[in-house]
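Notes to accompany the following structure.
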Amino acid sequence: MMLVNPTLILPATQMILGATSQPQQLTQTFAYGLQAVYTGTTISGSIHLEASINHKEDTQGNVLFEGDWDTINGSQQNITGSGTGVWNVGSGAPGYPWVRVVYVDTGSSPDATLTVTGYIRGV
Amino acid sequence: MSNFWVDLPALGNVQIEGTVSVDNFPAVQPVSIVPPSGYLASNVFGQIAAVASGTTQNIVSYTVPSNTSAYLVRATFGGQNIATYTVMLNSNIFDMKRTYYGSDLSESLEYTAPPLPGFLLNAGDVISLQVTNFQPSTANFEGALYIIEVS
């Protein structure tokens, strides 16, 4: 079984600007988890997962083709204060090879930051 | 605190937004079927002349080479007289077929079992095709074993 160590796919980012994580590749993956950590005086926004099938990157993470991204149903959460959140996806091979986290801000304070970590389990 | 936990099944969660276009898919291309790598198809053929009445003789044999598996795909056989044809596996009767008056003097036995191409044989297994001539006269007989070796 392939295990990929937890990977930081969104370093601490100022939430007021909105944020999109690096895409996480899911080739030969049957389950994955993503964890968001957000902290700040005031937090107001929503966060969700997006999937892409036609996105392409080389082995160095250089984007060869910026794919089309679609929201994964049921993944969206409104966040209104500091905290953490986890998306637990599986088991079964996902039908898409790429996933990313998108945060949309609706009024957080400038000190609010967001980080996202990904973890995949493969075959 | 504003925490959340979302459990999602892996499949069927992508919400398609907008129109899906299939214009960029390539046209259907012709396909040729080739054997998988490591598969070698072959047949072994044998003839035997003047088989005496009431006797059983070997027409052809095949031994699976060492470090090799093989599939027995088919046995074909025929002769000048009606007869009983017996396929032997390691000296045991594996299969049998008779030809008789009013039917063809040439027949076959099939062992394909999709998705397998035939009956699996292991290294060292011996398959032989024998004929028993029940007619009062001598006759010539022939047969072949069709094999796929997997190395």
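Residue numbering restarts at 1 for every chain, and letters A, B, ... go by the order of the sequence lines.
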Crowding at [atom1], [X] (>12 non-hydrogen neighbours, <6.0 Å):
X         : atom1 : value
Lys56(A)  : NZ    : no
Asn122(B) : CG    : yes
Tyr100(B) : OH    : no

Let me know if [X] has heavy atoms under 4.5 Å from chain B in its side chain, its backbone, both or neither.
X        : result
Tyr32(A) : neither
Leu26(A) : neither
Ile53(A) : neither
Asp68(A) : neither

Heavy-atom pair with the smallest gap, counting every atom of Val6(B) and Gly74(A):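 Nearest pair, atom of Val6(B) first, then Gly74(A): CG1-O, 3.5 Å.
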Connected via hydrophobic side-chain network under 4.5 Å: [X] and [Y]:
X         : Y         : result
Phe94(B)  : Val131(B) : yes
Phe134(B) : Tyr101(B) : no
Tyr85(B)  : Tyr62(B)  : yes

Side-chain donor/acceptor of Asn3(B) to backbone N/O of Thr84(A), under 3.5 Å: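 Side chain of Asn3(B) to backbone of Thr84(A), a donor-acceptor pair under 3.5 Å: yes, one is there.
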From CH2 (Trp5(B)) to CD (Gln35(A)), nearest 0.5 Å: 8.5 Å
